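Some notes on the structure that comes next.
For clarity, every value in this text was computed on a predicted model and none was experimentally measured. Naming convention: chains lettered A, B, ... in sequence-line order (proteins, then strands); numbering from 1 in each chain.
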Number of protein chains: 2
Amino acid sequence: MTVPASKTPVWRSIADSLKREIGDRHYVEGEKLPTEARLAERFGVNRHTVRHALKALAEDGLVYSRRGAGVFVLARPLDYPLSRRVRFHQNLMDAGRLPGKTMLSVERRAASDDDARRLRLEPGQLVAVSHSLSFADETPVALAESRFPEARLPGLADALREASSITEALGSVGIEDYTRRTTRLTATTATTAQALHLQTREGAPLLLAESLSGDGDGMPVEHGQTWFASERITLTLNHA
Amino acid sequence: MTVPASKTPVWRSIADSLKREIGDRHYVEGEKLPTEARLAERFGVNRHTVRHALKALAEDGLVYSRRGAGVFVLARPLDYPLSRRVRFHQNLMDAGRLPGKTMLSVERRAASDDDARRLRLEPGQLVAVSHSLSFADETPVALAESRFPEARLPGLADALREASSITEALGSVGIEDYTRRTTRLTATTATTAQALHLQTREGAPLLLAESLSGDGDGMPVEHGQTWFASERITLTLNHA
DNA sequence: ATGTATAATATGTCTAGTTGTATAGTATAC
DNA sequence: GTATACTATACAACTAGACATATTATACAT
C-alpha cells in the first residue's frame, strides 16, 4: 500500500546533504558555510534543525563554528553518500513509440462518459481498449492503456489483436496518418499490479503520460495512459 | 460517557465537519487549523481520534501537516503548459492563479565537472546556484535548483538575489532572450527535505524536469532541475 | 591611517508549544 | 475470537520566539 516510511530524521538528511556538498567541493576548506538562517530557509526547516545537523558535522570534525562569525569547513569527509543520478539514459522522443511491444489484452466495451467526451463518441458506443507493455532490450519500461473509437473505426479491435503495431492496426482501418495532439504529464507511484508488469517495486515512481491523438482532420483516434518506469527511462523534449 | 450507537465512526464525522468548514472558507488556504489538542477538546475526543480525521483530510489533499508547526489548509490542483518559452507567471495567471516565487538561496561556487560540461565552462569556474520555490495561491507547486554560468555572466548571482524573476536577473546581465533547449522528464518520490518545501508527504510522487536553456546563439545560460508536486500540477504539452 | 562608538549579523542558549510515533488498554460489534 | 474504534500515556522530532553573546561592517572623529 504505502511506501515504506523511511524514518530518517530531517536533520540527518540535511547533514548528509551538506556532507555531500563539502565532499563535492561545493564548499572548500576554510570557506564559510551559509548562515544557519539561510540554510534553514534553503532546506525549509527551523534554524534549530539546521543547528542539529551542523552539530553532527562538527562532531565528525568536518566543520567548526565561531559565535558571531559563522560555520567554517575544516576538512573533507573521508567518504560521503554518493550522488544519486544513477540512471538508465534512454532517450525517446514520443511517448509510446518504443521498440518491443507486447499486447496484453484487447477488449471492446461501451464508452464511458469520459471516453466518449475525449473520443467524440456518444456514451455507450463501442470503444476498443488495449493494454500493452513496452520493452527496451528485454526490460519492461512502459505500461499502456489505450482507448480507440471502435464505433467510428469498425474492426479495429480485431486489427489490434493481429497487427504488430498500433500504426499498422490503424492503417488497416483506414487511418494512414495520426499525430499526437496533447500530452499531460504527472507522476504517480506504482500499484502492486503495475509493479508486477514493470518488474519494479510497489511505490516506485512512475511517469504518467495521458495523451490524445488525432487523424489529419483532428478527429480523435486514440486516447490513453502510459506509465513509464521512471527509474529506467527519461522522456526528453527537444524544444527545437 | 455513553456514546450514541451510530454507524459512522466519530473520526469520520469529525473529518466531514472539518471538510465542510474548509469548503465554507471557514479556514482559508494556507491558514493553520487549531492544534490537534484544541480540536480534540472541541470535539470531545482523544487527540488520536482527531489525528485519524486529519489523516483522512491529508489523503484527500485538503490539508498538510508540519511536525512541530501545525496543520495547514491546501489548495486545488492545476494545469501547467510546457512550451519553449517558459513563463511561469503568465501561465499561472492564465489559469486564474496568483503566482509567487521565493528565492530560498543564491550562492556562488566552483563548477563541478557536470555543471561545467552542461554550461560550457571549465571545471572550477564560478557558477551561480539558486534554490527557489514557486507558488500558486500560497500553495507550493514546484521546487527548483538552477545553475547559471556566473563566470560568463558576472554579477548574475547578485542580480538573482535582488531581482524578482529569473528573466529580470538575466536581463540585467545582458541576456535579453533565453529559451529552453531540452527538457528531460522523470518521476521521483519526495525526499524528506523536498516534502517539507512542497508541503506534501515523504514518498509523494514528484515530476522532475531537468532543463537546459540557452540564449539566442545557443550558448547555455541555465541548467536546472525542477520538482513539481504532481498531485497539484500537471504538465501539458501541446504538440501544435 | 587609527581608534572608537554603533549598528547589523551570527551563533549559543533557554523556554514553551505542536505534531509524529510507539505502546498499552478498554469497550463493542460481528 | 478477533477486528474496529477509541482512550491514555510517554517520548521523540521539530517549530517558534526571545534573548544573550561574540564578531564583523560602517561611519565618524581625530
Toward the 5' end of DNA chain D, by each residue's nearest nucleotide, Gly44(B) or Val50(A) =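 It is Gly44(B), whose closest nucleotide lies nearer the 5' terminus.
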Residue met sooner reading DNA chain D from 5', once Arg12(B) and Ala69(A) are mapped to nucleotides |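 So the residue in question is Arg12(B).
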Could you state the atom-to-atom distance from [atom1] of [X] to [atom2] of [N] in whole Å?
| X | N | atom1 | atom2 | answer |
| --- | --- | --- | --- | --- |
| Leu196(B) | dA13(D) | CG | P | 15 Å |
| Gln199(B) | dT15(D) | CD | P | 12 Å |
| Glu36(B) | dC6(D) | CD | C1' | 16 Å |
| His52(A) | dT13(C) | NE2 | P | 14 Å |
| Glu202(B) | dG20(C) | CD | P | 12 Å |
| His197(B) | dT15(D) | NE2 | P | 11 Å |
| Lys55(A) | dT11(C) | NZ | P | 16 Å |

Quick one: is [X] getting a side-chain N or O under 4.0 Å of the [N] phosphate, OP1 or OP2?
| X | N | value |
| --- | --- | --- |
| Ser65(B) | dT18(C) | no |
| Arg66(B) | dA16(D) | yes |
| Trp11(A) | dA13(D) | no |

Do [X] and [Y] meet the criterion of a side-chain donor-acceptor pair at a distance under 3.5 Å?
| X | Y | answer |
| --- | --- | --- |
| Arg67(A) | Ser65(A) | no |
| Ser112(A) | Asp115(A) | yes |
| Arg147(B) | Gln225(B) | yes |

Choosing from dT19(C), dT11(C), dA16(D), which nucleotide comes nearest the side chain of Arg51(A)?
->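 Among dT19(C), dT11(C), dA16(D), the one nearest the side chain of Arg51(A) is dT11(C).
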Consider the side chain of Arg67(B), meaning its heavy atoms from C-beta on, and name the nucleotide among dT11(C), dT7(D), dT19(C) that approaches it most closely.
->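 My answer, after comparing the listed nucleotides, is dT19(C).
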Answer yes or no: is there an ion pair linking Asp113(A) with Arg117(A), defined by an N-O contact shorter than 4.0 Å?
->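 A salt bridge is absent here (no side-chain N lies under 4.0 Å from a carboxylate O).
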Under a 4.0 Å N-O cut-off, is there an ion pair linking Arg42(B) with Glu21(B)?
->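 Judged by the 4.0 Å cut-off on N to carboxylate O distance, Arg42(B) and Glu21(B) do form a salt bridge.
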Between the base of dG17(D) and the side chain of Arg47(A), is there a donor-acceptor distance below 3.5 Å?
->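 No, the side chain and the base share no sub-3.5 Å donor-acceptor pair.
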If you take atom types as modelled and just measure distance, does the side chain of His48(B) reach the base of dG20(C) with a donor-acceptor pair under 3.5 Å?
->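 It does not, because no donor-acceptor pair links the side chain of His48(B) to the base of dG20(C) below 3.5 Å.
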